[in-house]
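Protein chains get the first letters and strands the later ones, always in sequence-line order, with residue 1 at the start of each.
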Amino acid sequence: MAAVGARWHHVWVGTETGILKGVNLQRKQAANFTAAGQPRREEAVSALCWGPGGETQILVGCADKTVRYFSTEEGRFQGHKHCPGGEGTFRGLAQVDGTLITCVESGIVRVWRDSDKEASPNPLLELSVGPGVCRMRQDPAHPHVVATGGKENALKVWDLQGSEEPVFRAKNVRNDWLDLRVPIWDQDIQFLPESQKLVTCTGYHQVRVYDPASPQRRPVLQATYGEYPLTAMTLTPGSNSVIVGNTHGQLAEIDLRQGRLLGCLKGLAGSVRGLQCHPSKPLLASCGLDRVLRVHRIRNPRGLEHKVYLKSQLNCLLLSGRDNWEDEPQEPQETKQASPEDTETDELWASLEAAAKRKLPDLEPPSEALQTRRRKKQRPGSTST
Amino acid sequence: MAKAGDKSDSKGKKGVKRKATAEEPQEAAVAEDGATESGAQPPKAAAFPPGFSISEIKNKQRRHLMFTRWKQQQRKEKLAIKKKLKKEREALGDKAPPKPVPKTIDNQRVYDETIVDPNDEEVAYDEATDEFASYFNRQTSPKILITTSDRPHGRTVRLCEQLSTVIPNSHVYYRRGLALKKIIPQCISRDFTDLIVINEDRKTPNGLILSHLPSGPTAHFKMSSVRLRKEIKRRGKDPTEHVPEIILNNFTTRLGHSVGRMFASLFPHNPQFIGRQVATFHNQRDYIFFRFHRYIFKSEKKVGIQELGPRFTLKLRSLQKGTFDSKYGEYEWVHKPREMDTSRRKFHL
């Protein structure tokens with residue numbers, strides 16, 4: 001059942017125990033999917049991304065340096081690819097043109113050929129980004145462009161088809177009022193659509209906007225929120241704002257035009273690990289260390305829509321971007337089975353009615369009725385789901 | 001009016017009341033007639049206009065009298081109902097319906113979906129492989145470091161000493177103004193498994209930080225109602241060196257399980273039953289009560305207990321993943337009063 005309904009899950013969440021959970025918000029059900037059948041902490045999911053071809057495949061980056069392929073159509077893991085190199089967990093996962101881009105914490109970005117799951121042990125391209133990477137993000141408009149940032153590792157934008165040098169290397173802000181160097185800790189990066197700008201959120205509770213098109217390499221805009229490190233960030237659909245989450249479970253929407261706080265979202269009790277907004281609807285999915293997946297409505301009115309308790313600590317999530325949230329089309333198999341039944345029963349009722357009208361031949365209608373009853377009894381057994 | 005006053009002095013209090021009540025809706029002249037009538041006949045029920053309440057009487061004495069009379073009447077009625085119910089129950093005997101259970105806040109607790117089901121495999125796996133796995137697999141035995149905030153006063157120092165007698169294999173060290181983040185690597189290198197820091201404010205201990213050492217979670221508690229040994233009445237003699245047993249009560253939710261396991265990992269695995277000592281962590285309504293007792297079985301079913309040791313109450317403020325790092329650490333659970341304390345029937349542990 002879970003395997004059959006896997007394609008209709010709205011949110012996919014990766015946990016620290018290695019389980020990939022698919023959550024259906026309409027039916028309020030969550031299904032667990034594991035590669036090995038048992039949860040394993042060595043396979044803790046650290047990165048999730050959609051595979052090629054719509055939302056039919058999910059690439060799951062695990063802590064043991066393997067990327068597993070999960071098919072949402074079939075609801076099971078299909079294969080895996082071992083991506084060695086560097087130390088630490090995956091900090092970024094992306095796919096483009098049949099290749100797979102991985103980035104680990106020690107700063108090794110590798111591009112792998114995706115054609116054969118097991119073969120091709122050598123990467124197509126390898127870049128060293130610098131140690132302490134916290135996030136690598138792919139530009140959705142230009143899939144060959146990735147941005148990386150981390151602790152004491154400034155924001156760098158790389159073109160994988162271009163040279164080995166970064167296209168844009170951000171510069172740190174000026175020394176503060178005590179003339180001390182401001183430390184760098186880029187926790188999450190997002191590309192702003194329809195421009196070359198990037199937004200980052202830092203562990204020192206700052207939100208910064210960089211513009212590679214402008215001559216200054218320093219941030220164009222800086223806003224601060226709260227007192228705790230910001231761990232996750234997502235862009236809101238349409239409007240020029242981002243939603244950030246920090247280690248205390250506080251979610252805030254920050255306007256990027258002025259750097260203002262627009263509002264907060266309540267409910268989370270633990271550190272926010274994953275945030276994603278729906279591309280068209282005003283919905284935000286958030287997951288964190290308090291083991292609960294929450295879906296908030298961002299505007300009119302701002303509040304909590306769904307809350308699902310998933311028993312393990314949640315690391316990352318993927319929100320399905322499809323529009324038909326509410327309409328869940330019937331499974332095609334069930335409709336095919338239903339229609340021949342209907343037509344047969346209609347014929348049977350017609351024959352019975354005709355038989356009832358004829359009073360004289362008493363032997364025939366009961367035998368027909370008996371036959372129909374036998375057929376009716378057989379049918380439910382034969383069409384078991 | 002003077003006449004009326006004399007009459008009230010001569011009659012009993014009830015007479016005064018009835019006259020007072022009779023006076024209210026009527027005029028003074030009529031009241032006198034009413035008084036004479038009440039003297040002659042059995043007292044009439046006072047005629048109040050509808051919507052009249054006792055609190056509208058301006059005269060405090062009369063109001064008080066009215067109220068006490070009303071209260072006595074209420075009590076009588078209540079007693080009568082109780083007696084009737086009791087009679088009915090006795091009359092029915094065995095067929096009597098079971099007594100209705102009174103509603104308490106613990107009964108009315110809001111259903112918490114995080115309450116751990118003992119058959120749940122996912123949670124069982126999560127617990128089997130969490131940071132306390134090495135303790136529960138008997139690979140490590142606890143070694144505790146107890147310290148305080150800087151420059152502790154006498155009460156806190158004595159509490160630390162008493163705690164170290166309660167928790168086996170624990171050592172008390174003076175804080176000396178050292179930063180916790182510097183103490184922790186030193187503890188890890190010296191094989192300590194847990195760090196307890198008792199925070200003090202205005203000469204009384206008011207906070208407890210419990211950090212499981214190699215990489216484990218850090219819990220921050222608010223501590224209240226601290227009673228040292230000499231403040232406990234009818235206590236037994238000082239605890240001996242035997243390893244106590246542990247009782248963890250009522251840690252039902254997933255968060256409660258984590259906290260319960262933290263407490264369990266403070267004590268060695270093999271309790272010495274000869275010592276007959278038991279440490280109890282009882283959770284009720286998100287408050288954790290710590291008690292230390294010595295028990296003795298007087299017969300198969302009767303036990304006597306003596307309270308030894310310090311006693312205090314804890315309330316969880318935050319549970320942080322990783323060792324102590326309040327600024328940059330990631331929190332697994334943070335208590336947010338304005339969001340979480342909205343319902344009196346919702347508890348988190």
Q: Check this for me: does any side-chain nitrogen of one of A/Arg41 and B/Asp126 sit under 4.0 Å from a carboxylate oxygen of the other?
A: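 Yes, charged N to carboxylate O under 4.0 Å.
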Q: Looking at A/Arg299, I want to see if its CZ is surrounded by more than 12 non-hydrogen atoms of other residues, nucleotides or ligands under 6.0 Å.
A: yes
Q: Counting only heavy atoms not in A/Gln38, do more than 12 sit closer than 6.0 Å to its CD atom?
A: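 No.
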Q: So, do B/Tyr125 and A/Arg40 sit near enough that their side-chain heavy atoms are less than 4.5 Å apart?
A: yes
Q: Should we say atom CD of A/Glu152 is surrounded by more than 12 heavy atoms from elsewhere, each under 6.0 Å from it?
A: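 Correct, the count exceeds 12.
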Q: What do you reckon, is NZ of A/Lys266 surrounded by more than 12 foreign heavy atoms closer than 6.0 Å?
A: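 No, not enclosed.
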Q: Less than 4.5 Å to any heavy atom of chain B: does that hold for the side chain of A/Arg273, its backbone, both, or neither?
A: side chain
Q: Drop me the distance from B/Glu121's CD to A/Lys311's NZ, to the nearest 0.5 angstrom.
A: 9.0 Å
Q: Is B/Glu122 salt-bridged to A/Lys21, going by a charged N under 4.0 Å from an acidic O?
A: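 Salt bridge: yes.
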Q: More than 12 heavy atoms of other residues, nucleotides or ligands under 6.0 Å from CZ of B/Phe136: is that the case?
A: yes
Q: Mark yes when over 12 heavy atoms from residues, nucleotides or ligands other than B/Arg109 sit less than 6.0 Å from its CZ; otherwise mark no.
A: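 Yes, enclosed.
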Q: What closest approach, in Å, do B/Glu339 and A/Gly267 show between heavy atoms, and which atom pair accounts for it?
A: OE1-N, 3.0 Å
Q: In terms of heavy-atom pairs under 4.5 Å with chain A, which of B/Leu319, B/Val123, B/Leu255, B/Asp120 leads?
A: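 Sorted descending by pairs with chain A, the first entry is B/Asp120.
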Q: Can you say whether A/Thr15 sits under 4.5 Å from chain B via the side chain, the backbone, both, or neither, judging by heavy atoms?
A: neither
Q: Evaluate salt bridge (Lys or Arg N to Asp or Glu O under 4.0 Å) for A/Glu16 paired with B/Lys321, printing each intermediate quantity in order.
A: CA-CA 13 Å; A/Glu16 291 246 346; B/Lys321 193 173 161 103; 3.8 Å; yes
Q: When you compare the side chain of A/Tyr228 with that of B/Tyr328, does any pair of heavy atoms fall below 4.5 Å?
A: no
Q: So which atom in A/Tyr309 and which in B/Arg254 form the shortest heavy-atom distance, rounded to 0.1 Å?
A: OH-CB, 3.4 Å
Q: Just wondering, are more than 12 heavy atoms of other shown residues or ligands nearer than 6.0 Å to CZ in A/Arg181?
A: yes
Q: Between A/Leu289 and B/Tyr331, is a side-chain contact (heavy atoms from CB on, under 4.5 Å) present by the stated rule, with each step listed?
A: CA-CA 7 Å; A/Leu289 291 181; B/Tyr331 285 85; over 6 Å; no
Q: At a heavy-atom separation under 4.5 Å, does B/Ser326 approach chain A through its side chain, its backbone, both, or neither?
A: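 Only the backbone of B/Ser326 comes within 4.5 Å of chain A.
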Q: Return yes if a side-chain donor-acceptor contact under 3.5 Å exists between A/Gln313 and B/Glu332, otherwise no.
A: yes
Q: I need the minimum non-hydrogen distance between B/Lys336 and A/Leu268, along with the two atoms involved.
A: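 Closest pair (atom of B/Lys336, atom of A/Leu268, distance): NZ-O, 2.9 Å.
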Q: Kindly compute the distance separating OG1 (A/Thr247) from CG (B/Asp325), expressed to the nearest 0.5 Å.
A: 9.0 Å
Q: So, B/Glu113 and A/Arg291, do they make that salt bridge, N to O below 4.0 Å?
A: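 No salt bridge links B/Glu113 with A/Arg291.
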Q: Flag yes if more than 12 heavy atoms outside B/Lys327 fall under 6.0 Å of its NZ atom; otherwise flag no.
A: no
